Colleague: 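One structure, pasted below without further comment.
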Amino acid sequence: MIAATRRSPIARLSASLGASVETEAGWEIAAHYGDEAAERALLRDLVAVADVTPRGKIDLRGEIDGGVLTAAGEVLTARMWDGWALLLTEPGGEEAVLDRADAAAGPRAMATDVTHLFAGLALAGPKLEDALARLTSWDPSTLAPGSATGASIGDVRAVLVRRDIGIPVLEAYVATEFARYAWETVLGVVRRLGGGPAGWRALRAEGWS
Amino acid sequence: MSGRLPARPGEAIDRGRPLTIDFEGRRAPAFEGDTVGSALAAAGVTITGRSFKYHRPRGLMCMTGACPNCLMQIDGIPNVRSCTEPVREGMRVERQNAWPSVDRDVHGVLDSFSFMMPPGFYYKVFQRPRWAWSKVEPIIRKQAGLGKVPRTEDHEPREVVNLHADVAVIGGGLAGLAAAAEAAAAGASTVLLEQRREAGGRALGSADDVDRARLVAEAEASGARILLGTAAFGVFDGPVVAAVGGGGLQRIRARHLVFATGAVEQPAVFPNNDLPGVMLSSAVELLVNRFRVLPGRRAVVLTSNQDGYRAARTLRDAGADVFVVDLRAGAGSADGLRVIPGSTILSAKGRRGVTAVSVGAPGSATGQSIPCDLVVLAGFSAPSTNLLAMTGAKLGFDDDAQAFLPVELPPDVHAVGAVAGARTVQGAIAQGRLAGLEAAAAVGQEPPGAAGRMEVLRAQAAERGDPVVLPPEVATGEGKQFACLCMDVTSKELKAAAAEGFDSMELLKRYTTVSMGPCQGKACMLSAQRLCARAAGSSFAETRPTTARPPWTPVELGALAGWRRTPRKETTIHDLHADSGATFMWAGDWRRPHHFATPEQEVEAVRHRVGVIDVSTLGKFRVKGPEAVELLERLYPNRFGDLAVGRVRYGAMLNDEGVILDDGAVCRVGDDEFFVTVTTGNTAALERWITWWLADWRLDVRVLNVTGAFAALNLAGPDSRKVMSVLTDADVSSEAVKYMSASSFEVAGVPSLVLRIGFVGELGYEIHFPSMYGEHVWRAVMEAGRPFGIVPFGLEAQRVLRLEKQHILVGQDTDAESDPFEVGLGWMVKADKPDFLGRRALEDLAEAGPKERLVGFTCDPSWLPPEGASVVHEGVWVGRVTSARRSAAARSVVGLAWVPAGWAEDDTEIEIQFGGAHAKAKVALKPFYDPEGARLRS
C-alpha cells in the first residue's frame, strides 16, 4: 500500500503552473514555482497567492472562554464571534491543538479538526486591496490585522483572516469543495494585477508562518 | 469648418504627437488628446450620423456624450459616443444607421413619409392580417436603429471592482472637485467619479482655466481618489453607486454621497433644430478652446444669459462672424457684439447643414433671415437630478431656475453645484466645499476651525445667480421641431399623443418613446416636459419629470456581466475522475461524474462484481452535545434515543407541515455525538434549517457542517467485502461489520468511518475519511479492487441501481407536498414520541389517509417515459412519472410515479403518456431487485 499522503485539492492546478512539491507533515506542499526570488518580489512589490491548505485548522464552537484559547497553545486564532473561533497551526499541528482544546473546552463547547474542511489561500502583497476590490464587496479596511471575519471571496463564502507581516496578508479559508474554483478565480485576479502564485518557501521567507 | 486654430495654453491636444485614424477607409489626422468627434470636426466632417427613424443628417451637438448625434461604430463596437471617445492610432471609425453611406443615405427618403409614421404607428398598422406584422417588423427594425452588434465574442470580460470610502463625490466639475478636496483634506477617505477623462465639468471649455486648474490641483493634493472616465449610472440600495469605467463596472459604497452631477445644456425647439451646425454653447467652447477647432465661420447665438455671450466672444475671438439673439427684451450690445434683443430663432434652414436662421419676436410668423453655418444654443440647462432622485431625494419646481431641484435629501446625501440650483461658479464651489466639510465631519473627520469655515461657506453657497429665461416651447416656422433627438419625436407628435389621451410625462414616454433613447432624457427632458405641459394645458411646474431609473448613462452589457464566475464544487478526487475519462454533469453546484464507461456496464459490474462511486458530495453534519439526542428527536419523526453507539438509522426530516425535506443516515458515534448525512443538494438549506431551530430551541448541542471535511466512497457489489479486506486489517465480516452499523477503522491507512448501508441495493460500505486523502484512498480502492474487476460508476448507473430498489430521491420523486405516508415511509413516524417537527400535520394526514401514493411501476422497455410524463386514466390526468430507467435486472422499464392512492395495488394497470407516445404499465409496490434485501444484508 502506498503511504497515505494528504494532497490539497489545488495540487494539480499548482503542478500545472510548475510547482515544485515537497512533503511536510504528511502533506504535499507547493514549495515554489521555479523562482523563489521572483515570488518574493511579487509578495513585496505586487501581490501573490499561495495555497496554504495544509495549515492545521481547529474549529471551536459554543462557550469559548479565554482558557480554551490559552490551552490551545501557539496558534493563530481567528475569532469570528463569541461562539466561534478557528485555530490555525503549522501543517500537522492540528492533532496536538485539538487534544489540548478538547480537554479545555468543556461540555458546552465543541472542538473539531477542520483541517480538511477548508482549503486556504494566502493573498499577500501591497496590491492586496486592489485584488480584494475585484474579489469581494466586503470592505477590507474594516478588518484590522489580527482579526477575522466571514465574507465572500470570488462569490463563495470564506473565513478571512487579516494579518500584517511587514506586507499585508489576507488568508482566506473556503470550503474544500470550492478550492479549485477559488484558486482559479483569485489567481486570475492576481495575474491581472501583475502578480502570480507563490510557494511556501517565499511566503515563509517573508515572515509568514 | 476644417483645420485647427493656432495653439493656445490649456488646449487638450498635443500637437507634438500626431495620430491617424481610419475613418470609413480614409486616413484622418488627429492629435493625442483629441476625441474622435473633435478630430473629425477638424477634418471637416459635419454629418456625424443619421437619425434613428427618419434618417435625417445629424452633426456634433453636445461634445459631452449627452446626445445621440455622434454615435459611431468604433473598432467594431456600436454606439460609441465619438464626441468623448479619445482617439487611438489606427482606430477604425464608421458612422452608422445609413445605406449606402451616411453622406448619401437613401433611407433619408423616409423623412418625406413621416406623416405615415406617427408615434406608436406600429401598434396600429400592419396588424391585420395577422401575418403582416411578422413580415413588416424585420423591415422596420432594419430601417430604424443604431449600430450593429458584432456577432463574434471578441471582447475581454470586464472587471467588477468594489470600492469603499467615507465620502463618494459623483461629478468632477468645480463643485465636485471642491467637495472632494475638502473631504479628503479633512481626513475622510474620498473617491471622486468623473465621467470625462478630465475633471472640471463645464469649466473645461472655458477660456479662463484658473478655477479649474486650482481645484484640480487641490483635489489631487488632498489625497482624494479621482477616477476619471468613470460614469455613475445608477444608485442602488446600500447605497451603492454603480459606475462604468476603468475597463469595467465599479461598485462604490460610501457613508456619504455628494452629488455634483451638474446640469445638461438643452437644445431649443424650433423648425429644423436638428440640422448639422446647430450646437450647444458648451460644445462650441470645448471645440474652440480645448481642441482648437472652429465649428463655423458665421454664427448665430441664441441665449438669455452670460453663457451665450461667453460663447459668442469665444467664437468672435477665434475669427467667426457672430450675431447674438437674446430672448430678453432689455438686452443691449455688449463687448462689441451684435445683439438682437427680445428675439428668438423662428426656424433654421438648410438640407445637409444649417445655412440660415429666421430670427424674430417669439410667436411671430416671419422674421429676419440671417445666413449662418453655425447656430449656438446657450444657457438653457436641465439639472442632472436623475442619480440624485435614485437615492430617494425629493424634487420640487424652482421658479428662478425654471427646473426641478432637490428640496429634500435623504440622510448622508448632499447635492452641490448646478444640480442643486447654483448658477454662479463661486456659489457652486462654496456648496461643494461646504458639503465636503459636512460629510467629513459626519464621519468623524472635522478639521480644526471647520465650524467657522462652514458658516462662511453657507453664506457663499446661498448665491444662486440670475433667474433663468427659457426660449418658447415651440416656434411658428415650417419644418420638424424635434423634442427628442434620440427617437426622432417632434413637438407635433407629442401634441398629437397628448390629444389621444397620453397627457402625462409617464404616458407620453411610453407611447411616443420620448426620452427612451440612448441619451435617456439628458437632451430632451426639458423640452418634453414643457411640450407635455403645453399640450395638456398645465404648467411646467406641474409636469414632473419621469421616474429616474438606472442606467443614467449607457452601460455595455459586458460590464454588467463582469467576469463570468460560476462557483462550482468538486470533490478532492475530481482530477482522478477526469483522468479516468469521466463525463461530468452538474448536480446542483457540484460537478459529478455522470458515467465513466457506459452506465449499463457500470450497473452490471455493481450487480455482479464490485463498483465504487465517489459520494463525497453527501452533506455531512457533526452533531454533538448533551442534548444531541433531543435535537434529533425533534428534527426527525424517527426515534434516536434508542439508537446504540455504532449503529446507523435511516431518517427523513420533515417541515412543520409534515412534508419531507430530506433523507439520509444518522449514525451514533458516541453517547452525545452523531454523524448525520443528508442529500447533496440540500446541505446548505438544511444547515440553515437546523441552525434556525437550534436557536429557537436553545438546546445544549453544537452542529457543524463538515461536508467538505470528509470524502466518501460507496464500495458496492457482491465482491465489495473482498475488496475491503484488502484495504484494511480490520475484521469486515458480516458479524463484525453488520448491516446498518458505523465502524471506525483505517482504510488504506487512513482513519475512516465505515457505514454498512446500501443505496444501490448491494452489499456495500460507505467509507468516510478526511477529504485531502481522497486521491490516495481512491487509488488504493481501485488497486485493491482490480483483481475483482472493480469499476468506477457514475450518477447514471447509481440512478438505475437505486430505482431497481425503489429507493426515493428527495426532490426528484417527492415535491413540496409529499409526506411520509404517501411515499411509503409511514413506518418511521413514531407517534408516541414527544413533539417533533411536522407531528401535528402528520396526525391530521394519518387520519385523513393519503390521497396519492408514490408507487413503483414497470412497462415495456421499447419506450422510456421521461420524468414528468403523465399518468392518465380514460384520457384524464391522474398522476405523473418522477423517475424511470431501463433495467437489465428487471428486463423492463422500472420507475416511480404518483398515482391516486386507490391504485396503489400490485399489478394495477396504469397508462403513461408523453407527447404522442404512451405505454401501458403495471404498479409494483415491492423493489424490482432483491425485494427482501438479502443481498444488502449479506
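In what follows, every chain begins at residue 1, and chains take the letters A, B, ... in the order their sequences are listed. Quick caveat, the model's predicted, so the values are computed rather than measured.
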Colleague: For the pair A:T149 (side chain) and A:L160 (backbone), establish whether a donor and an acceptor sit closer than 3.5 Å, ignoring hydrogens and angles.
Modeller: no

Colleague: What part of B:T566 gets within 4.5 angstrom of chain A, counting heavy atoms only: side chain, backbone, both, or neither?
Modeller: backbone

Colleague: Which of the residues B:R253, B:E159, B:Q250, B:K624 is involved in the greatest number of heavy-atom pairs with chain A at under 4.5 angstrom?
Modeller: B:E159

Colleague: For A:T176 and B:S771, work out which heavy atoms get closest and say how close.
Modeller: CG2-OG, 4.0 Å

Colleague: Measuring heavy-atom distances to chain A, does B:R591 have an atom under 4.5 Å in its side chain, in its backbone, in both, or in neither?
Modeller: neither

Colleague: Return the option, out of A:P9, A:G154, A:S137, A:A175, with the maximum number of heavy-atom pairs under 4.5 Å with chain B.
Modeller: A:S137

Colleague: Establish, for the pair A:R79 and A:W84, whether the NZ or CZ atom is under 6.0 angstrom from the six-membered ring centre and no further than 45 degrees off its axis.
Modeller: no

Colleague: What part of B:E775 lies closer than 4.5 angstrom to a heavy atom of chain A: side chain, backbone, both or neither?
Modeller: side chain

Colleague: Is the A:W27 to A:H116 ring centre distance short of 6.0 Å?
Modeller: yes

Colleague: Counting heavy-atom pairs under 4.5 Å to chain A, which of B:E673, B:R568, B:H574, B:R622 comes out on top?
Modeller: B:R568

Colleague: Pick whichever of B:T572, B:L704, B:T571 has the most heavy-atom pairs under 4.5 Å with chain A.
Modeller: B:L704

Colleague: Tell me whether A:E28 is salt-bridged to A:R7, with the criterion being a basic N under 4.0 Å from an acidic carboxylate O.
Modeller: yes

Colleague: Taking side chain as everything from C-beta outward and backbone as N, CA, C, O, which of these in B:P770 sits under 4.5 Å from a heavy atom of chain A? Side chain, backbone, both or neither.
Modeller: both

Colleague: Please determine, among B:P567, B:S189, B:G562, the option with the most heavy-atom pairs under 4.5 Å with chain A.
Modeller: B:P567

Colleague: Is B:I252 close to chain A through its backbone or its side chain, or both, or neither, when contacts mean heavy atoms under 4.5 Å?
Modeller: neither

Colleague: Do the ring planes of B:H768 and B:F675 sit parallel (below 30°), tilted (30 to 60°) or perpendicular (above 60°)?
Modeller: perpendicular

Colleague: Taking NZ, NE, NH1 and NH2 as the nitrogens, is one of them in B:E687 or A:R157 under 4.0 Å from a carboxylate oxygen of the other?
Modeller: yes

Colleague: Considering only heavy atoms, which portion of A:A179 lies under 4.5 Å from any heavy atom of chain B: side chain, backbone, both, or neither?
Modeller: neither

Colleague: Only pairs of heavy atoms separated by less than 4.5 Å count here; which of A:R61, A:R108, A:E63 has the most with chain B?
Modeller: A:R108

Colleague: Answer yes or no: is there an ion pair linking B:R698 with B:D700, defined by an N-O contact shorter than 4.0 Å?
Modeller: no

Colleague: Side chain, backbone, both or neither: which part of A:S141 has a non-hydrogen atom closer than 4.5 Å to chain B?
Modeller: neither

Colleague: Non-hydrogen atoms of chain B under 4.5 Å away: do they reach the side chain of A:T142, the backbone, both or neither?
Modeller: neither

Colleague: Can you tell me which of A:T115, A:V156, A:D59 forms the most heavy-atom pairs within a distance under 4.5 Å of chain B?
Modeller: A:D59

Colleague: In plain terms, say whether A:R6 and A:E94 are close enough for a salt bridge, that is, a side-chain N and a carboxylate O under 4.0 Å apart.
Modeller: yes

Colleague: Between B:N705 and chain A, with a heavy-atom cut-off of 4.5 Å, which part of the residue counts as in contact: side chain, backbone, both or neither?
Modeller: backbone

Colleague: If I measure from the heavy atoms of chain A, does B:V161 come under 4.5 Å with its side chain, its backbone, both, or neither?
Modeller: both

Colleague: Is it the case that atom CD in A:E95 sees more than 12 heavy atoms from other parts of the structure closer than 6.0 Å?
Modeller: no

Colleague: Do NZ/NE/NH1/NH2 and the carboxylate oxygens of A:R12 and B:D579 come within less than 4.0 Å?
Modeller: yes

Colleague: Relative to chain B, which segment of A:E184 carries a heavy atom at a distance below 4.5 Å: side chain, backbone, both, or neither?
Modeller: side chain

